[in-house]
Amino acid sequence: MAQISLTFPDGTAREYDAGVTAADIAAGISNSLAKKAISATVNDQHYDMQWPITEDAQIAIHTMKDTAQAEELVRHDCAHIMARAVQELWPDVKVTIGPVIKDGWYYDFDRTEPFSTEDLTAIEKKMKEIINKRDSVRTEIWERQRAIDFYTANDEPYKVELIESIPGDEPLRMYWHGDWQDLCRGPHLQHTGQVPGDAFKLMSVAGAYWRGDSDRAMLQRIYGVAFTGKDGLKKHLHMLEEAAKRDHRKLGKEMNLFHMQEEAPGMVFWHPNGWRIYTLLQDYMRRRQDKGGYVEVNTPQVVNRKLWEASGHWDNYQENMFIVEVDEDHAREKAVNALKPMNCPCHIQVFNQGLKSYRDLPLRMAEFGSCNRYEPSGAMHGIMRVRGFTQDDGHIFCTEAQVEEETKIFVDFLALVYKDLGFENWSVKLSTRPEKRVGSEESWDQAEEALANGIKAAGYDFEIQEGEGAFYGPKLEFVLTDAIGRDWQCGTLQIDPNLPERLDASYIGEDGARHRPLMLHRATLGSFERFIGILIEEHAGKLPFWLAPRQVVVASIVTDANDYAQEVVEALRAVGVRAEADIRNEKINYKVREHSLGKVPVILAVGMKEVEDRTVSARRLGSKQSQIVTIDEIVTELRAEALAPDLRD
RNA sequence: GCUGCUGUAGCUCAGUGGUAGAGCGCGUCAUUGGUAAUGACGAGGUCGGGAGUUCAAUUCUCCCCAGCAGCACCA
């Protein structure tokens with residue numbers, strides 16, 4: 001038999017027969033390792049203990065201490081164990097797929113009856129039984145047709161379909177533990193007992209379409225989380241609890257920022273506190289955009305269908321538009337209008353007024369544009385996904401040659417804004433040409449390259465989302481993450497040669513002839529609604545001082561200090577700090593507690609001592625300590641802090 | 001839009017086939033207190049909307065609306 005040489009992490013190399021498995025190797029090293037081993041990394045590939053190794057390789061054998069590998073295996077085995085538990089409890093349930101995801105796994109089942117909360121408990125119990133059986137995991141490679149015949153005979157139509165959709169005719173890997181069997185790439189643990197029985201939990205059931213296609217069967221998906229030990233699970237559950245406290249819907253209520261109600265689903269009623277944040281953010285963005293060379297415009301909310309027909313929205317986006325029919329007296333037919341779902345067609349109307357020269361390009365046009373989209377009911381989420389929202393929208397009219405430079409300028413701009421607003425972690429995605437698209441391959445090549453180069457020039461890494469671009473052009477997405485780890489696209493930059501064409505935008509070139517400009521759709525925050533939602537969650541409601549709707553409360557300790565409290569408030573207001581007096585007949589403890597819960601960043605307590613000394617006792621949100629300072633000192637300090645980042649020196 | 005769950009006082013929630021309860025908040029009074037809840041008393045609800053079953057529905061059934069989780073969607 002041929003010999004191969006395997007090199008271990010400590011650098012030693014050993015000779016083995018070709019086809020040796022990690023299990024053999026571990027057994028050759030020690031009994032305890034053979035028991036503890038869970039998998040191996042062979043030349044950077046994650047190997048099952050049973051897989052034969054046929055070539056010289058670097059090898060590392062893993063135990064549960066190797067968290068990355070262990071978590072992957074535990075979660076993957078949990079998926080299988082859960083599927084087995086479900087089929088043992090309800091033998092007529094059909095299995096489909098069950099991948100590992102962040103923190104856990106899910107598995108999709110086809111079952112007529114819905115899974116109830118009690119069912120989940122029963123499944124968990126059954127899973128623990130299976131784990132306690134310590135059934136060894138066995139794997140075999142099967143010919144494709146044999147696998148198809150097997151699943152056909154076992155009445156598992158989804159598995160048959162899966163195999164048929166796998167391209168090529170390579171043999172497939174089959175796995176067993178006990179009598180239960182699944183088609184799976186692996187790797188897996190050595191036996192079910194290697195899954196810690198106290199470190200997983202089934203979290204929820206929800207519907208999910210077979211193969212992610214809304215035209216196909218709705219399956220039932222069970223989500224679970226799993227870790228390598230029970231501390232991991234405990235930490236995770238605690239993290240979820242903490243995240244729930246940052247939820248912008250909860251904080252929005254607690255801080256009295258906004259509300260929503262049944263009569264206007266997906267529309268925000270901004271309260272004074274929330275609207276303060278909104279306008280501060282808008283003022284800030286306006287100043288930034290002015291400095292960034294944008295011209296601001298404002299365009300109509302209600303526009304006749306003719307424009308939407310010309311732009312293509314009428315044919316492609318109608319089901320997402322609020323349509324307004326007006327039955328005018330004496331009119332032969334009803335006037336049909338739509339609330340604008342996007343600002344771009346209107347911006348081209350502004351661009352089209354008067355002849356434009358190449359000297360006008362790039363022309364950066366901005367609008368805080370209110371849009372309405374009839375979003376599917378299930379898509380709505382707090383103020384992050386709504387039907388009425390305002391974009392910090394902008395369209396850059398430019399030539400192809402200017403795209404790369406404009407991209408870099410925009411990314412720099414966005415990075416500056418995100419930094420000002422306290423975001424360190426955001427990611428960029430480049431979505432490339434989709435299957436259904438317009439335009440030549442060359443123009444797509446050029447557009448994708450320009451975006452990639454622009455972002456690289458700005459100094460950021462990006463991830464490519466193959467085929468996720470708009471039908472008219474590629475796009476950059478700037479993604480922020482909410483409290484419980486859901487990603488939200490906020491900023492965007494999209495190249496669009498299509499709309500200028502459809503709406504006949506042109507400029508006079510150096511050569512005296514008419515040319516078509518390109519249009520770059522871009523937004524930095526995305527929408528104020530979504531961004532404020534993210535902002536609240538990122539800061540857990542404790543907004544930076546300049547954005548805090550209520551900045552200072554001056555709380556009197558005794559009634560005799562009330563006038564003085566009012567005087568301090570006036571001194572702060574005179575320099576533009578948002579201050580209010582709390583002279584209610586309540587104890588200072590009560591006032592401190594209430595305003596702390598209300599996330600007011602600074603509480604100034606004043607009693608008789610402060611009245612006599614002309615001082616305040618200042619307390620920062622989150623701090624247990626207070627500090628005695630003079631009125632002048634606190635006014636100077638807070639006045640500086642109240643400035644938006646772009647107004648500081 | 002799809003699957004499942006939920007909807008009771010301003011908020012958070014308990015509860016029942018015989019038209020409802022707590023805590024907080026709110027109002028009044030007392031209290032003048034030193035950095036995360038002072039006390040007493042009081043007001044407040046067609047139990048999401050509609051229909052049905054029943055002597056009787058907030059409770060059971062159906063339809064609708066909204067919210068929540070996930071899926072799909074987000075040119």
Side-chain angles (χ1 to χ4, degrees), chain A residues 106 108 111 113-117 119-120 203-223 247 249-250 253-254 256 259-266 311-313 315-320 341-342 344 373-382 384-387 431 434 436-438 468-473 475 477 484 486 488-489 492 494 496 498-499 521 526-527 530 555-562 583 585-598 603-610 617-628:
Chain A
Y106 67 76
D108 288 348
R111 180 187 185 219
E113 289 281 298
F115 287 110
S116 65
T117 320
D119 290 342
L120 289 195
M203 302 299 284
S204 63
V205 199
Y209 297 108
W210 170 234
R211 315 220 92 179
D213 183 344
S214 60
D215 291 331
R216 308 183 71 163
M218 172 67 65
L219 306 169
Q220 295 189 63
R221 175 173 297 178
I222 302 179
Y223 284 91
D247 191 312
R249 294 165 296 188
K250 188 174 156 72
K253 223 176 262 177
E254 287 171 4
N256 195 11
H259 85 273
M260 301 174 89
Q261 65 188 52
E262 213 174 306
E263 290 82 353
S311 71
H313 288 81
D315 286 337
N316 297 310
Y317 202 68
Q318 199 182 144
E319 69 277 18
N320 281 296
M342 297 171 196
C344 25
R373 297 181 189 170
Y374 191 81
E375 299 285 4
S377 57
M380 262 122 43
H381 180 87
M384 306 256 226
R385 181 86 182 263
V386 286
R387 288 183 176 156
S431 296
K436 249 180 77 182
R437 59 176 181 266
V438 297
E468 294 292 314
F471 76 90
Y472 51 73
K475 62 179 178 183
E477 291 175 24
I484 60 169
R486 284 184 282 221
W488 295 91
Q489 182 202 304
T492 185
Q494 313 183 10
D496 185 0
N498 181 60
L499 205 58
H521 306 258
S527 81
R530 175 173 296 179
S556 57
I557 296 168
V558 293
T559 314
D560 286 344
N562 285 356
I583 55 170
N585 178 14
E586 297 290 354
K587 292 195 171 181
I588 191 64
N589 289 307
Y590 182 92
K591 295 182 183 182
V592 166
R593 178 180 151 82
E594 185 174 287
H595 301 305
S596 298
L597 289 173
I603 298 171
L604 303 179
V606 292
M608 291 322 287
K609 227 182 323 170
E610 286 75 18
S617 169
R619 178 193 165 112
R620 293 272 174 174
L621 182 57
S623 162
K624 291 255 179 270
Q625 276 147 17
S626 50
Q627 227 183 342
I628 307 290

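Protein chains get the first letters and strands the later ones, always in sequence-line order, with residue 1 at the start of each.
- Checking U38(B), G4(B), C73(B) against the side-chain heavy atoms of Y590(A) singles out U38(B) as nearest.
- Between the CZ atom of R385(A) and the C1' atom of A69(B) there is a distance of 16 Å, given to the nearest Å.
- Within the nucleic acid shown, M608(A) comes within 4.0 Å of at least one base atom, counting heavy atoms only.
- When the nucleotides U38(B), A69(B), G70(B) are ranked by their closest atom to the side chain of R249(A), A69(B) comes out on top.
- Nearest nucleotide to the S214(A) side chain, out of A72(B), G70(B), U38(B): A72(B).
- At the heavy-atom level, G526(A) lies nowhere under 4.0 Å from the strands shown.
- E375(A) places its CD atom 12 Å from the P atom of G1(B), with the value rounded to the nearest Å.
- Among the atoms of the strands shown, base atoms are found under 4.0 Å from some heavy atom of M342(A).
- Picking from G7(B), G70(B), C11(B) the nucleotide with the shortest atom distance to the side chain of K253(A) gives C11(B).
- Within 4.0 Å of A605(A), counting heavy atoms only, lies at least one base atom of the nucleic acid.
- Across all strands shown, G212(A) has heavy atoms under 4.0 Å from sugar-phosphate atoms exclusively, and none from any base.
- At the heavy-atom level, R486(A) lies under 4.0 Å from the strands shown only through sugar-phosphate atoms.
- Every residue meeting the side chain to side chain contact (heavy atoms under 4.5 Å, CB included) condition with P265(A), not counting sequence neighbours, appears here in chain and number order: M380(A), R387(A).
- Taking 3.5 Å as the limit, the base of G34(B) and the side chain of E610(A) contain a donor-acceptor pair of atoms between them.
- Under 4.0 Å is where a charged nitrogen must lie from a carboxylate oxygen, and between D247(A) and R249(A) at least one such pair does.
- Here the nucleotide nearest the side chain of P376(A), chosen from A36(B), G33(B), A72(B), is A72(B).
- At a threshold of 4.0 angstrom between heavy atoms, the contacts of R221(A) are confined to the sugar-phosphate backbone, with no base atom among them.
- Checking G34(B), A66(B), A36(B) against every side-chain atom of K624(A), the shortest atom distance belongs to A36(B).
- Partner assigned to C62(B) is G50(B), using Watson-Crick or G-U wobble distances below 3.5 angstrom.
- Distance from the side chain of M218(A) is smallest for C2(B) among the nucleotides C71(B), A66(B), C2(B).
- Base contact: L597(A) has a heavy atom under 4.0 Å from a base atom.
- Here E262(A) lies in heavy-atom contact (under 4.0 Å) with a base.
- Comparing atom distances between the R373(A) side chain and each of G70(B), C11(B), C74(B) picks out C74(B) as nearest.
- Of the candidate nucleotides G34(B), A37(B), U3(B), A37(B) has the atom lying nearest to any side-chain atom of R593(A).
- For C71(B), the base has no donor-acceptor partner in the side chain of R216(A) [N/O atoms by modelled type, under 3.5 angstrom].
- The heavy-atom pair separating K475(A) from E477(A) by the smallest distance is CE-OE2, 3.2 Å.
- For the pair I588(A) CD1 and G34(B) P, the computed distance is 10 Å after rounding to whole Å.
- One atom, NE2 of H259(A), and another, C1' of C11(B), lie 14 Å apart when rounded to the nearest Å.
- In this structure, C68(B) forms a base pair with G4(B), meeting either the Watson-Crick or the G-U wobble geometry with both donor-acceptor distances under 3.5 Å.
- Here the nucleotide nearest the side chain of H381(A), chosen from A66(B), G33(B), A69(B), is A69(B).
- Between the R530(A) side chain and the S527(A) main chain, no donor and acceptor come within less than 3.5 Å of each other.
- V205(A) comes within 4.0 angstrom of nothing in the nucleic acid, heavy atoms only.
- In this structure, N589(A) reaches the sugar-phosphate backbone alone: every heavy-atom distance under 4.0 Å involves primed, P, OP1 or OP2 atoms, never a base.
- Residue-level contact check: F115(A) touches neither bases nor backbone, having no heavy atom under 4.0 Å from any strand.
- With hydrogens and angles ignored, a donor-acceptor pair closer than 3.5 Å exists between the side chain of Y209(A) and the base of G1(B).
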